[in-house]
Amino acid sequence: MNTPQQSQLGKNSAYIDQYDASLLFPIARATQREAMGIRDGALPFFGADLWTGFELSWLNPRGKPQLAIVHFTIPCETANIIESKSFKLYLNSFNSTVFASPDAVRDRLRADLSEATWRGSERTGTIGVRLVLPDAFDQEPVHELDGLNLDRLEIECTHYQPAPELLSADQDEVHVNETLTSRLLKSNCLVTGQPDWGSVQIRYSGAPIDQAGLLAYIVSFRNHNEFHEPCAERIFNDIWQRCKPSKLAVHARYTRRGGLDINPFRTSWPQALPANIRTARQ
């Protein structure tokens with residue numbers, strides 16, 4: 001089983017510009033989930049990780065460079081995440097490789113990522129891949145997460161490691177449907193300790209969640225070392241356990257690193273995935 005410490009994170013890496021799928025480094029989701037008390041066979045959520053690649057390029061049959069933005073949809077049920085530096089190195093390996101068409105690039109990406117994310121599992125599936133070619137770049141929107149901004153609250157912050165005890169909901173109050181957001185989500189890379197900056201949207205139905213406590217809880221991730229995907233799952237799991245909503249959806253959008261952003265979405269009920277629209281900081 002691959003571990004984060006075995007990846008290329010924090011290490012000098014050769015620039016490989018010829019296609020090489022072996023650069024992809026899958027890491028099992030189960031390890032971090034088990035630490036949170038989440039079993040893969042009984043996930044409390046649905047969802048996916050929405051990745052955006054801003055630095056994809058290849059050569060056409062005449063040797064002329066081509067480029068695209070690429071959107072990836074990786075279901076949360078996959079056995080593995082892809083370590084982000086290895087993902088970047090893999091995309092770089094397309095740079096001097098000839099492909100007959102954008103469709104051929106898309107198909108290669110889909111096949112490689114589907115294999116890597118399901119590797120070691122008895123199940124298989126397909127990763128969503130959508131290329132946005134330069135003629136359509138103007139159609140890529142920028143929009144902040146919708147919802148009531150928790151950052152308006154003047155609170156005292158004293159916790160900088162995840163503190164689920166800060167979460168509460170008034171079960172005696174009339175149940176509500178709320179969408180709450182914050183731009184103050186920050187965690188650190190599990191291996192390098194480098195900062196990962198994000199925004200988060202929390203939609204729920206149920207007893208009103210204490211907003212000041214929720215904001216303090218989001219801030220409490222500030223010195224926490226964990227990859228993006230388990231951070232979002234930890235937020236979902238803590239709110240689900242502590243506040244007991246009847247419905248819950250958590251959407252985290254992290255700023256890009258190495259030309260990639262990662263945007264996990266977890267929901268307690270089946271629904272359409274949110275559009276992969278970047279925020280201003282992304």
Side-chain angles (χ1 to χ4, degrees), residues 8-9 13-26 47-75 78 81-117 125-146 183 194 196-199 201 228-229 251-265 272-282:
Q8 287 297 314
L9 281 169
S13 303
Y15 170 41
I16 298 172
D17 64 354
Q18 294 292 327
Y19 167 73
D20 185 355
S22 71
L23 292 167
L24 290 169
F25 191 85
D49 305 322
L50 309 176
W51 292 63
T52 314
F54 295 94
E55 300 176 7
L56 176 64
S57 184
W58 66 95
L59 303 180
N60 71 9
R62 300 185 67 181
K64 181 182 178 182
Q66 308 293 296
L67 55 86
I69 295 171
V70 56
H71 295 288
F72 302 98
T73 302
I74 301 178
T78 58
I81 63 172
I82 301 298
E83 186 277 305
S84 61
K85 183 175 179 181
S86 79
F87 206 150
K88 170 62 176 175
L89 295 172
Y90 164 73
L91 293 180
N92 274 343
S93 78
F94 284 62
N95 290 350
S96 294
T97 304
V98 174
F99 287 90
S101 67
D103 286 348
V105 174
R106 180 201 61 208
D107 293 346
R108 185 72 269 154
L109 290 166
R110 180 182 291 131
D112 291 344
L113 290 164
S114 297
E115 187 282 326
T117 53
T126 301
I127 299 308
V129 180
R130 180 172 66 89
L131 297 188
V132 180
L133 300 178
D135 287 348
F137 282 1
D138 268 350
Q139 299 172 28
E140 289 289 284
V142 174
H143 184 73
E144 294 301 290
L145 292 170
D146 293 323
R183 299 182 179 92
Q194 293 299 303
D196 294 322
W197 303 93
S199 299
Q201 179 191 67
H228 301 34
E229 299 92 336
H251 186 193
R253 297 199 64 88
Y254 283 89
T255 59
R256 74 183 76 168
R257 180 183 288 180
L260 288 165
D261 65 35
I262 310 173
N263 310 285
F265 176 72
L273 295 173
N276 192 5
I277 298 175
R278 70 180 185 267
T279 64
R281 289 193 298 163
Q282 292 183 295

Taking the side chain as every heavy atom from C-beta outward, state whether [X] and [Y] have any pair of such atoms under 4.5 Å apart.
X	Y	value
Leu67	Phe137	yes
Leu56	Leu131	yes
Leu59	Pro65	yes
Pro75	Thr78	yes

With sequence neighbours excluded, what pairs up with Tyr254 under the ring-ring contact (aromatic ring centres under 6.0 Å, His included) test?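 Listed in chain order: His228.
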Of all residues at least two apart in sequence or in a different chain, which pass the ring-ring contact (aromatic ring centres under 6.0 Å, His included) check with Tyr19?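 By the ring-ring contact (aromatic ring centres under 6.0 Å, His included) rule, Tyr19 matches Phe94.
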Have a look at Arg253 and tell me which of Asp261, Thr52, Asn276 forms a side-chain hydrogen bond (donor to acceptor under 3.5 Å, both in side chains) with it.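 With Arg253 as partner, Asp261, Thr52, Asn276 yield a single side-chain hydrogen bond (donor to acceptor under 3.5 Å, both in side chains), made by Asn276.
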Looking at [X] and [Y], would you say the former's side chain and the latter's main chain have a donor-acceptor pair under 3.5 Å?
X	Y	value
Asp107	Ala104	no
Gln282	Thr279	yes
Ser114	Ile127	yes
Gln201	Asp146	yes
Ser57	Gln66	yes
Glu144	Ala280	yes
Thr97	Ser93	yes

To the nearest 0.5 angstrom, please state how far the [atom1] atom of [X] sits from the [atom2] atom of [Y].
X	Y	atom1	atom2	answer
Glu55	Ile69	CD	CD1	11.0 Å
Asp112	Arg110	CG	CZ	12.0 Å
Phe87	Phe72	CZ	CZ	4.0 Å
Leu113	Thr126	CG	OG1	11.5 Å
Ile16	Leu23	CD1	CG	4.5 Å
Thr255	Ile262	OG1	CD1	10.0 Å

Check whether NZ of the Lys or CZ of the Arg Arg108 lies under 6.0 Å from the centre of the six-membered ring of Phe99 and within 45 degrees of that ring's axis.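 Judged by the rule, Arg108 and Phe99 form no cation-pi pair.
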Check whether more than 12 heavy atoms from other residues, nucleotides or ligands sit under 6.0 Å from atom CG of Asp135, and answer yes or no.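 Atom CG in Asp135 is not packed in, count stays at 12 or less.
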Considering all heavy atoms, the nearest Glu229-Pro264 contact: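 Closest approach of Glu229 to Pro264, heavy atoms only: CA-CG, 3.9 Å.
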Could you tell me which residues satisfy salt bridge (charged side-chain N to carboxylate O under 4.0 Å, His left out) with Asp196, sequence neighbours excluded, listed by chain and number?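 Per chain and number, Asp196 pairs via salt bridge (charged side-chain N to carboxylate O under 4.0 Å, His left out) with Arg257.
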Using the salt bridge (charged side-chain N to carboxylate O under 4.0 Å, His left out) criterion, which residues pair with Arg130? Sequence neighbours excluded.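 By the salt bridge (charged side-chain N to carboxylate O under 4.0 Å, His left out) rule, Arg130 matches no residue at all.
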Leu260 vs Leu91, side-chain contact (heavy atoms from CB on, under 4.5 Å): CA-CA, chis, key distance, verdict: CA-CA 10 Å; Leu260 288 165; Leu91 293 180; 3.9 Å; yes
What residue pairs, at least two apart or across chains, pass salt bridge (Lys or Arg N to Asp or Glu O under 4.0 Å) with a residue in residues 273-282?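 Not a single pair qualifies under salt bridge (Lys or Arg N to Asp or Glu O under 4.0 Å).
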Sequence neighbours excluded, every pair satisfying salt bridge (Lys or Arg N to Asp or Glu O under 4.0 Å) that has a member inside residues 56-65: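 Non-adjacent pairs meeting salt bridge (Lys or Arg N to Asp or Glu O under 4.0 Å): zero.
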Steps toward side-chain contact (heavy atoms from CB on, under 4.5 Å) verdict (Leu50, His71): CA-CA 7 Å; Leu50 309 176; His71 295 288; over 6 Å; no
